[in-house]
Participant: 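Encoded as structure tokens, here's the structure I'll be asking about.
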Amino acid sequence: MSGSNQDLDHDFGGDLALGPTGDLATVTGTVLGQQRVLRRLLTNAGDYIWHLAYGAGLPAVIGTPVDAVTIEGMVRGQIFLEAAVARSPAPTVSVQSAGSLVSLSITYADAAEGSTQTLGVSLDQ
């Protein structure tokens, strides 16, 4: 895999994944891009001590009135900071709220492969 990006396989909020031989699993390609996008969106700015400006802080919207336009803008601004997200076609972000639940659907083109990626994020107030 020389020349390709890889990282530890880690779904946000979970444990590191183990590989087939019991070592830490790695991830590449579109899955790596998805994990990085979710990590950026769900990390609060200031929480990552090595890069204080990193993170969209979506969990901070919990308990506040839902403003779909603000959330869409926050998501769009942050995902473009990830190399995995192509600028064109522009990503689409849909925000839905029902009671205390806020759900986002994010669709973007993978910059390396051009494939369409869809992510879902649900935040419960």
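If you're wondering where the values come from, they're calculated on a predicted model, not measured in any experiment.
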Participant: What are the two closest heavy atoms between Gly33 and Ala84, and how far apart are they?
Facilitator: CA-CB, 3.6 Å
Participant: Are Val95 and Val37 linked, directly or through other ILVMFWY residues, by side chains that come within less than 4.5 angstrom of each other?
Facilitator: yes
Participant: For the hydrophobic clusters of this structure (ILVMFWY residues joined by side-chain heavy atoms under 4.5 Å, transitively), does one cluster hold both Phe80 and Val93?
Facilitator: yes
Participant: Please tell me if the side chains of Leu41 and Ile106 come closer than 4.5 Å, counting only heavy atoms from C-beta onward.
Facilitator: yes
Participant: Compare all side-chain heavy atoms of Pro91 with those of Thr107 and state whether any distance is below 4.5 angstrom.
Facilitator: no
Participant: Hey, mind stepping through Val102 and Ser122 against side chain to side chain contact (heavy atoms under 4.5 Å, CB included) and telling me if it holds?
Facilitator: CA-CA 6 Å; Val102 177; Ser122 294; over 6 Å; no
Participant: Not counting sequence neighbours, which residues clear side chain to side chain contact (heavy atoms under 4.5 Å, CB included) with Pro59? List them please.
Facilitator: Leu42, Asn44
Participant: Do you know the tightest heavy-atom contact between Ala109 and Gly114?
Facilitator: CB-O, 4.4 Å
Participant: Let me check something: do Met74 and Leu81 share a hydrophobic cluster, defined by ILVMFWY side-chain heavy atoms less than 4.5 Å apart, either directly or through other members?
Facilitator: no
Participant: Taking all non-hydrogen atoms of both residues, which atom of Glu113 and which atom of Gly29 are closest, and how far apart?
Facilitator: OE2-CA, 4.4 Å
Participant: With distance as the sole test, does Arg40 use its side chain to make a donor-acceptor pair with the main-chain N or O of Ile79 at under 3.5 Å?
Facilitator: no
Participant: Stepwise, does the side chain to side chain contact (heavy atoms under 4.5 Å, CB included) test hold for Thr28 with Asn5?
Facilitator: CA-CA 6 Å; Thr28 61; Asn5 287 329; over 6 Å; no
Participant: Ile49: which other cluster members, linking ILVMFWY side chains closer than 4.5 Å, directly or transitively?
Facilitator: Tyr48, Trp50, Tyr54
Participant: Applying side chain to side chain contact (heavy atoms under 4.5 Å, CB included), run through Leu104 and Leu58 and close with a yes or a no.
Facilitator: CA-CA 10 Å; Leu104 287 84; Leu58 281 179; 4.2 Å; yes
Participant: Closest approach of Gly55 and Ala45, non-hydrogen atoms and distance?
Facilitator: O-CB, 3.8 Å
Participant: Within this structure, what is the OH-CG distance for the pair Tyr108 and Leu119, rounded to the nearest 0.5 Å?
Facilitator: 5.0 Å
Participant: For Gln117, check side-chain hydrogen bond (donor to acceptor under 3.5 Å, both in side chains) against everything at least two apart and list the hits.
Facilitator: Gln34, Ser115
Participant: CD1 of Ile71 to OG of Ser94: how many Å apart, nearest 0.5 Å?
Facilitator: 11.0 Å
Participant: When rounded to the nearest 0.5 angstrom, what distance separates CG in Leu123 from OG in Ser103?
Facilitator: 8.0 Å
